[in-house]
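All remarks here apply to the structure that follows.
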Amino acid sequence: MTHSVYEALLNSNAVIEFDNQGYILWANPNFLNLMEYELEEIEGRHHSIFLPEFHQHELEYQEMWNQLAEGQAQAGEFKRLTKKNREVWIQGSYTPVRNLQGEVSKIVKMAVDITEKKSLSDNLEKKNKELLGAAIKAKAATDAKTVFLANMSHEIRTPLNSIIGITDTLAETPLDDQQSSFVEILQRANHQLMTIINDILDLSKVEAGEMELRPLPFNLPRLLDELNAVLGFRAKEKSLKLSLAIDPDVEEYFVGDADRLRQVLMNLVNNAIKFTDKGEVSLQVSVNRSSHKGNLLFCVTDTGIGISKQKFKDIFQPFTQADTTATRKYGGTGLGLSITKNIVQMMNGHIWFESQPGQGTSFFFTISVPSTTERKTTMHNPWQGRYQLSDIRHNISQSRLRILVVDDVEDNRHLFGIYLQKTAHAVSYANSGAEAVKMVAKEHYDIIFMDVQMPGMDGYEATQRIREMERQLNRTPAKIFACTANAFQEDVRKSISAGCDLHLSKPVRKDTMLKAISSYFSDAPEATF
């Protein structure tokens, strides 16, 4: 029985025998074929003839044979060299064989050719390294693009902050009909420019995995009312009928990211208005009974130009529009639907559409948002129903606050001064983080509007130093509002981590500033605008 097993091993494996010093005693045909030798060519020669890099590993190799001579078996994967200088890989085991006196008399090695397997493994490893390298390069490119877009956003938003602020302030002054028309043109252009900037930033957030949802309780009918107030005027300008409706069996309150849902609806309804010259645009909200996941179904339908079949597969791709001609009638970045699709998917929903050229388009999307109660909605949304504009004006006009505006751009400081010029507040200004810290050391401020990106000491460091100073002086902490053109979610977290109470993204509108100041009078949890 033992003899037959040994015969089977000899026939299925490459076998070679050595003395305890590594000199070749015998080899079977399988081994000779593998190494491309005849038996008489290797008998009495040392095992090192098979080693491609013997001189580089001579000490290590000698240690292995010393251990074998002491009776310690060895096994592993080894690279070997054939007579024709061809490299092969083997899976080998070295087994010491003892004589009757218990001494190691010879070493038996069994080997299996794994060259092809090793080649495949090496190729796979190489491909994995190439893919990893490509992934690292792609991430570096995405990161570089994100940084570039963030910097460009900052550089564009900084002057735009003044343009929008002054335009809004000008709209509040007595104007004749022609001047009012000029201001309206400016406001539309400002809105269009901000939409482009936000679309590009949102796409960058999606690609970098930075876009996050902030689920809070919200009132769905109120959201649609706000949408109608914003877009109703645009529809009326084009003599279009705009109807927004919610089915009776749809709940009133839900928990979700109302801002992102508003962004999706704004984009779809805005597109419907843009691509419709006559007829109507409608938004219908119902309980989802389609085959797609989600509990709410939204449908935006128009009687506009429609979408050709050739564009169906590309319509949700970035920078894609239905009209791609050089003289296209409708503007835009072509990013809205790509961003919309990503937001809907983040909300565990699905988006699709039906369209006929010349007959209009219907966009459908579902989302998953649990329903809630009015009480929980009010509890979790500190601004909902808490302040009327008249209340804010009353507080701002009747209560004298010490406000410090910190910004290295003179126009921005001047704009905040214009916003507050008709209030009773005492407003001071600092043109750097270092100057702000010095001023706070001398005087206590109720509210500090802190620009984040400043040369020298930035707003984060200035805020941290002010917070430390307040602790040392046992002083009531000021409300510090970060005012920055950096609009990524990580920028919001960075502001809050530094000790700021709110993060205000530039351009800061007057109503946003008043709302932020009104938070000084509230003991409700802080929010982000």
Side-chain angles (χ1 to χ4, degrees), residues 167 171 177 180-196 198-199 219-248 250 258-286 296-309 311-312 315-316 320-325 327-341 343-344 351-367:
T167 303
D177 291 344
S180 295
S181 175
F182 291 162
V183 170
E184 287 176 6
I185 292 171
L186 278 174
Q187 288 177 321
R188 282 197 295 270
N190 290 339
H191 173 75
Q192 185 179 4
L193 185 54
M194 278 304 303
T195 299
I196 292 171
N198 289 334
D199 279 353
N219 182 310
L220 182 59
R222 182 172 298 169
L223 189 152
L224 262 60
D225 287 344
E226 293 169 355
L227 199 70
N228 188 51
V230 174
L231 296 176
F233 180 74
R234 282 210 62 210
K236 185 178 290 187
E237 277 185 323
K238 297 186 70 174
S239 299
L240 299 174
K241 179 184 177 182
L242 175 63
S243 60
L244 311 179
I246 303 176
D247 284 359
V250 174
D259 290 335
R260 289 300 180 187
L261 175 58
R262 185 183 294 106
Q263 182 179 355
V264 169
L265 293 173
M266 282 281 286
N267 182 64
L268 293 178
V269 177
N270 205 29
N271 275 356
I273 294 172
K274 181 166 69 172
F275 294 111
T276 303
D277 292 325
K278 60 181 180 179
E280 64 179 313
V281 172
S282 66
L283 165 61
Q284 187 73 29
V285 187
S286 60
L296 289 182
L297 172 65
F298 295 79
C299 176
V300 177
T301 300
D302 64 61
T303 56
I305 62 174
I307 302 170
S308 65
K309 293 287 185 183
K311 287 293 176 184
F312 272 31
I315 203 69
F316 290 112
T320 299
Q321 290 191 321
D323 180 10
T324 57
T325 61
T327 56
R328 60 192 175 94
K329 178 180 178 181
Y330 307 98
T333 60
L335 296 175
L337 288 177
S338 174
I339 296 165
T340 292
K341 181 180 179 181
I343 294 174
V344 168
I351 185 168
W352 70 101
F353 68 95
E354 299 171 358
S355 185
Q356 288 287 339
Q359 298 182 29
T361 303
S362 293
F363 274 91
F364 305 87
F365 73 92
T366 60
I367 60 172

Under the side-chain contact (heavy atoms from CB on, under 4.5 Å) rule, what do D277 and L240 come out as? Steps first, then yes or no, please. CA-CA 8 Å; D277 292 325; L240 299 174; over 6 Å; no
Stepwise side-chain contact (heavy atoms from CB on, under 4.5 Å) test for R262 and D259: CA-CA 5 Å; R262 185 183 294 106; D259 290 335; 2.8 Å; yes
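In this structure, I343 CD1 and F365 CZ are separated by 9.5 Å, a value rounded to the nearest 0.5 Å. Put simply, OG1 on T366 and CH2 on W352 are 5.5 Å apart, with the number rounded to the nearest 0.5 Å. The distance from the CG atom of L268 to the CG atom of L283 is 9.0 Å, given to the nearest 0.5 Å. How far CD1 of I307 is from CD of Q359: 13.0 Å, rounded to the nearest 0.5 Å. Here the CG atom belonging to N267 is positioned 8.0 Å from the NZ atom belonging to K274, to the nearest 0.5 angstrom. Interatomic distance, L242 CG to E280 CD, rounded to the nearest 0.5 Å: 9.5 Å.
When all heavy atoms of D302 and G304 are compared, the pair lying nearest together is OD1-N, 2.8 Å. Minimum interatomic distance between S362 and T301 (heavy atoms only, all atoms of both residues): OG-OG1, 3.0 Å. The two residues Q263 and I339 have their closest heavy-atom pair at NE2-CG2, 3.7 Å. V344 and V264 get closest at one heavy-atom pair: CG2-CG1, 4.2 Å. Nearest heavy atoms, F353 versus F364: CA-CD1, 4.5 Å.
Taking S355 as the reference, T361 meet the side chain to side chain donor-acceptor pair (under 3.5 Å) condition, with sequence neighbours excluded.
In this structure, the side chains of F298 and I367 come closer than 4.5 Å at one or more pairs of heavy atoms. Side-chain contact between P221 and N219 is present, with at least one heavy-atom pair separated by less than 4.5 Å. Side-chain contact between V300 and S282: absent, with no pair of heavy atoms (C-beta onward) separated by less than 4.5 Å. Residues M266 and L231 meet the side-chain proximity criterion, which asks for heavy atoms closer than 4.5 Å. The shortest distance between side-chain heavy atoms of L296 and V250 falls below 4.5 Å. Side-chain contact between L244 and V285 is absent, with no heavy-atom pair separated by less than 4.5 Å.
A side-chain donor-acceptor contact under 3.5 Å links K238 to the backbone of T276. Side chain of K241 to backbone of G279: no donor-acceptor contact under 3.5 angstrom is found.
Between D225 and R222 there is no salt bridge, since no side-chain nitrogen of the basic residue lies less than 4.0 Å from a carboxylate oxygen of the acidic one.
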